[in-house]
Amino acid sequence: MLLRIHHTAIICADYARSRRFYTEVLGLRVIAETYREARRSYKLDLALPDGSQIELFSFPDAPPRPSYPEAQGLRHLAFEVDDVESGKRALEAQGIAVEPVRVDELTGKRFTFFADPDGLPLELYER
């Protein structure tokens, strides 16, 4: 029945800051940007090269996401990359703090974590 993940929705605290992060730092392509007056909210549809999408929302007075200690629910969002080390260097060159690269003990694949402007854990995972 299920074919693939179509999109992931993220609510941000500062729309301009997060828009810049996802489009300029991560390089996601803008599909559409809508301001919804009734909700005083932006919705930014972003595309990854494989067709999957991220919906970036701004809602006034949204509560902060509990990250540490880890809360129940969605733990992190992982992006597949060809080379974790080069992805790490590219992020660090833009001032993004990135954890040391580790190896997944179950798959043998390399990975690392970083965070979006609101502290949402994001992962680079080796193809």
Side-chain angles (χ1 to χ4, degrees):
M1 181 173 87
L2 304 179
L3 300 175
R4 67 182 182 100
I5 293 175
H6 181 269
H7 70 268
T8 299
I10 298 171
I11 299 171
C12 63
D14 180 325
Y15 180 73
R17 180 181 68 177
S18 291
R19 185 188 196 287
R20 185 186 100 48
F21 176 81
Y22 283 96
T23 59
E24 295 178 25
V25 174
L26 297 185
L28 301 184
R29 182 176 57 83
V30 174
I31 299 168
E33 184 172 33
T34 307
Y35 182 74
R36 299 175 305 173
E37 183 66 43
R39 294 182 178 193
R40 299 184 342 230
S41 168
Y42 278 97
K43 178 180 183 277
L44 181 66
D45 296 310
L46 301 164
L48 281 85
D50 73 348
S52 59
Q53 299 175 22
I54 291 178
E55 293 178 343
L56 184 65
F57 290 94
S58 67
F59 290 116
D61 305 317
R65 177 189 186 276
S67 289
Y68 300 100
E70 289 187 356
Q72 293 179 358
L74 183 65
R75 186 173 185 191
H76 63 265
L77 175 60
F79 297 102
E80 185 177 80
V81 296
D82 286 324
D83 184 347
V84 171
E85 286 288 347
S86 68
K88 179 181 189 302
R89 286 192 302 273
L91 290 168
E92 290 171 334
Q94 296 193 61
I96 305 299
V98 182
E99 293 180 5
V101 173
R102 296 180 272 169
V103 176
D104 185 322
E105 61 187 43
L106 300 176
T107 66
K109 303 284 186 164
R110 296 179 319 148
F111 69 96
T112 188
F113 283 94
F114 61 105
D116 84 348
D118 292 306
L120 176 68
L122 302 174
E123 179 182 8
L124 298 182
Y125 196 86
E126 186 174 70
R127 182 187 334 216

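Owing to the predicted nature of the structure, the values given are computational and were not obtained by experimental measurement.
If you run ring pair (Phe, Tyr, Trp, His ring centres under 6.0 Å) between Tyr15 and each of Tyr22, Tyr42, Tyr35, Phe21, only Tyr42 comes through. When Val81, Ile96, Val101 are each tested for a side chain to side chain contact (heavy atoms under 4.5 Å, CB included) with Lys88, only one passes: Val101.
When all heavy atoms of Leu124 and Gly87 are compared, the closest pair comes out as CD1-C, 3.7 Å. Between Phe114 and Val98, the closest heavy-atom pair is CB-CG2, 4.1 Å.
Remark: Arg29 CZ to Ile31 CD1 distance equals 5.5 Å, nearest 0.5 Å. With rounding to the nearest 0.5 angstrom, the CZ atom of Phe57 is 10.0 Å from the CG atom of Leu44. Taken from CZ in Phe59 to NZ in Lys43, the straight-line distance is 10.0 Å, to the nearest 0.5 Å.
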Using a 3.5 Å cut-off and no angle test, enumerate the donor-acceptor pairs between side-chain atoms of residues 5-12 and protein atoms at least two apart in sequence or in another chain.
{"residue": "His7", "atom": "NE2", "partner": "Glu55", "partner atom": "OE1", "Å": "3.4"}

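Pairs passing the salt bridge (Lys or Arg N to Asp or Glu O under 4.0 Å) check and including a residue from residues 93-102, sequence neighbours excluded, read Glu99-Arg102.
Contact annotation: the side chain of Asp116 never approaches that of Leu77 to less than 4.5 Å [non-hydrogen atoms, C-beta and beyond]. Using a 4.5 Å heavy-atom threshold, the side chains of Val30 and Arg19 count as touching. Within the 4.5 Å cutoff, side-chain heavy atoms of Leu26 are placed close to those of Leu91.
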Test Phe79 against Ile54 for side chain to side chain contact (heavy atoms under 4.5 Å, CB included), laying out the working first. CA-CA 11 Å; Phe79 297 102; Ile54 291 178; 3.8 Å; yes
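Taking Arg75 as the reference, Glu70 meet the side chain to side chain donor-acceptor pair (under 3.5 Å) condition, with sequence neighbours excluded. Under the side chain to side chain donor-acceptor pair (under 3.5 Å) criterion, Glu123 pairs with His76, not counting sequence neighbours. With sequence neighbours left out, Asp83 forms a salt bridge (Lys or Arg N to Asp or Glu O under 4.0 Å) with Arg110. Scanning for side chain to side chain donor-acceptor pair (under 3.5 Å) contacts around Arg36 gives Ser41, with sequence neighbours left out.
For the pair Asp118 (side chain) and Leu120 (backbone), a donor-acceptor distance under 3.5 Å is absent. In this structure a side-chain-to-backbone donor-acceptor pair under 3.5 Å is present from Arg17 to Pro117.
Using a cutoff of 4.0 Å between basic side-chain nitrogens and carboxylate oxygens, Arg127 and Asp82 are scored as salt-bridged.
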